[in-house]
**Q** 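Pasting a structure below so you can have a look.
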Amino acid sequence: MKKKTLGVIIIGCLLVGSLTSCTKITGTKAYSDGVTSIKSGDYTSASKFLSTAIRINKDKPDYYISYGVTMLQLSRYGEALSSFTRVLN
């Protein structure tokens, strides 16, 4: 009985670990999805993807530029300026 229970626990842990790593998004993937959203004109989705990309990796100037462009399209000028300024500093 103990072996069967232990086996079920181990299999459960492996499945949960696999599922969580499969759903983990990377900065590169979020950025790519953001750029795709920009190209299709879906700036609301782009802002979500790009803010995720920036949160994951704060050292990518391209992320901030794309986010700034997205903010301009959404008439969120203060956020656009902050994003562009970040690239310059």
**Q** Do the side chains of Leu81 and Leu50 join up, straight or via other hydrophobic residues, at under 4.5 Å, putting them in one cluster?
**A**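 No, because Leu81 and Leu50 fall into different hydrophobic clusters, even though each may have its own neighbours under 4.5 Å.
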**Q** Can you name the nearest heavy-atom pair linking Ala80 to Gly68, along with the distance?
**A** CB-O, 3.5 Å
**Q** List the residues meeting ring pair (Phe, Tyr, Trp, His ring centres under 6.0 Å) with Tyr31, not counting sequence neighbours, and say none if there are none.
**A**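 Checked Tyr31 against ring pair (Phe, Tyr, Trp, His ring centres under 6.0 Å); matches are Tyr63.
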**Q** Compare every heavy atom of Val87 with every heavy atom of Pro61, then report the nearest pair and how far apart it is.
**A** O-CG2, 3.7 Å
**Q** Are any side-chain N or O atoms of Ser32 and backbone N or O atoms of Thr28, one a donor and one an acceptor, separated by less than 3.5 Å?
**A** no
**Q** For Arg86, enumerate each residue passing the salt bridge (charged side-chain N to carboxylate O under 4.0 Å, His left out) test, keeping only those at least two apart in sequence or located in another chain.
**A**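 Arg86 satisfies salt bridge (charged side-chain N to carboxylate O under 4.0 Å, His left out) with no other residue.
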**Q** List in chain and number order the residues that pass ring pair (Phe, Tyr, Trp, His ring centres under 6.0 Å) with Phe49, two or more places apart in sequence or in another chain; answer none if no residue qualifies.
**A**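 So Phe49 forms no ring pair (Phe, Tyr, Trp, His ring centres under 6.0 Å) with any residue.
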**Q** Taking Asp42's backbone N and O only, do any of them form a donor-acceptor pair with Ser45's side chain (distance below 3.5 Å, no angle check)?
**A** no
**Q** The criterion is salt bridge (charged side-chain N to carboxylate O under 4.0 Å, His left out); which residues satisfy it with Lys58, sequence neighbours excluded?
**A** none
**Q** Scan for ring pair (Phe, Tyr, Trp, His ring centres under 6.0 Å) pairs involving residues 65-89, sequence neighbours excluded, and state none if there are none.
**A**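 Sorted pair list comes back empty.
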**Q** How many angstroms lie between atom CE of Met71 and atom OG of Ser51, to the nearest 0.5 angstrom?
**A** 7.5 Å
**Q** Locate the shortest heavy-atom distance separating Ala46 from Gly34; write the atom from each residue and the value.
**A**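 Minimum heavy-atom separation between Ala46 and Gly34: CB-O, 3.6 Å.
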**Q** Please name the pair of heavy atoms, one in Ser83 and one in Ile65, separated by the smallest distance, quoted to 0.1 Å.
**A**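 Result for this residue pair: OG-N, 4.5 Å.
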**Q** How would you list, by chain and number, every residue that makes a side chain to side chain contact (heavy atoms under 4.5 Å, CB included) with Lys29, sequence neighbours excluded?
**A** Ile25, Thr26, Asp33
